[in-house]
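Notes follow once the structure below has been shown.
Bear in mind the structure is a predicted one, so any value in this text is a computation, not a measurement.
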Amino acid sequence: MTQSSPDAVRLTAWVHGYVQGVGFRWWTRSRALELGVVGHATNHPDGRVLVIAEGRRDALERLLAALRSGETPGTVRLVVESWEPARGDLTGFVER
C-alpha cells in the first residue's frame, strides 16, 4: 500500500514535554522509517514537537504508542493526536 492509497490515513500529533534538544525528532524519524510511514517531526517555538505522518492506520497507531511509551529521548508529558484521510503530499520522513 502506498501513502496515497484509500486505506492510508494522516496522523497529526502534538508532543508536549521536554522534547527539544534531546534527539527526539531523530528518534521519531527512526521509528517512522521502521514502520514505513512518511512525514516529518518539527520543533515549535513553544517547546512542542509537531509530528505529521501518513501511512497505514496500524503503523501510525504503533508510532503513536511509541511516542507515548516513556522510552523516547527527553520527557513526554502529553501527546494530543488527530486523524484525517491521507493527503498523499508527503515523501520520506524528515526532521525540521
Find the distance between OG1 (Thr42) and CH2 (Trp14) and round it off to the nearest 0.5 Å. 8.5 Å
Can you confirm whether more than 12 heavy atoms, excluding those of Trp83, are under 6.0 Å from its CH2 atom? yes
Under a 4.5 Å side-chain heavy-atom rule over Ile, Leu, Val, Met, Phe, Trp and Tyr, are Val51 and Val22 clustered together? yes
Common cluster, Trp26/Val79, ILVMFWY with side-chain heavy-atom separation under 4.5 Å: yes
Give me the atom names and distance for the closest heavy-atom approach of Thr72 to Ala66. CG2-O, 3.5 Å
Pairwise distance CZ(Arg56) to CG(Leu63) - rounded to 0.5 angstrom: 14.5 Å
Start with the C-alpha distance between Thr75 and Val19, add both sets of side-chain angles, then the distance that settles side chain to side chain contact (heavy atoms under 4.5 Å, CB included), and finish with yes or no. CA-CA 6 Å; Thr75 305; Val19 291; over 6 Å; no
Go through the steps to decide whether Val38 and Thr91 satisfy the test side chain to side chain contact (heavy atoms under 4.5 Å, CB included), and finish with yes or no. CA-CA 6 Å; Val38 298; Thr91 57; 5.6 Å; no
To check you understand the geometry: which heavy-atom pair defines the closest contact between Arg48 and His16, and what is its length? CD-CE1, 3.2 Å
Please report the interatomic distance CG(Leu33) to CZ(Arg31), rounded to the nearest 0.5 Å. 9.5 Å
Correct closest heavy-atom pair for Val37 and Gly55 would be CG1-CA, 4.3 Å
Could you walk me through whether Leu11 and Ile52 pass the side chain to side chain contact (heavy atoms under 4.5 Å, CB included) test, one step at a time? CA-CA 6 Å; Leu11 166 66; Ile52 296 179; over 6 Å; no
Under the side chain to side chain contact (heavy atoms under 4.5 Å, CB included) criterion, do Arg77 and Tyr18 qualify, and how do the steps go? CA-CA 8 Å; Arg77 286 188 295 106; Tyr18 177 61; over 6 Å; no
Within-4.5 Å side-chain heavy-atom neighbours: Leu60 and Val9: yes
Below 4.5 Å, heavy atoms only, C-beta onward: do Glu95 and Thr28 meet side chain to side chain? no
Where is the tightest heavy-atom contact between Arg87 and Arg10, given as atom of each residue plus distance? CD-NH1, 3.4 Å
Salt bridge check: are Arg68 and Glu81 linked by an N-O gap of less than 4.0 Å? yes
Point-to-point distance, once rounded to the nearest 0.5 Å, from CG of Leu35 to CZ of Phe93: 10.0 Å
Would you compute the distance between atom CG of Leu50 and atom NE2 of His40 and round it to the nearest 0.5 angstrom? 6.0 Å
NE2 (His44) and CZ (Arg96) are apart, to the nearest 0.5 Å, by 9.0 Å
Find out whether the Lys NZ or Arg CZ of Arg25 is both under 6.0 angstrom from the six-membered ring centre of Trp27 and within 45° of the ring's axis. no
Compare every heavy atom of Gly23 with every heavy atom of Pro73, then report the nearest pair and how far apart it is. CG-O, 3.7 Å
Looking only at atom types and distance, does a side-chain atom of Glu54 sit under 3.5 Å from a main-chain N or O of Gly88, one as donor and one as acceptor? yes
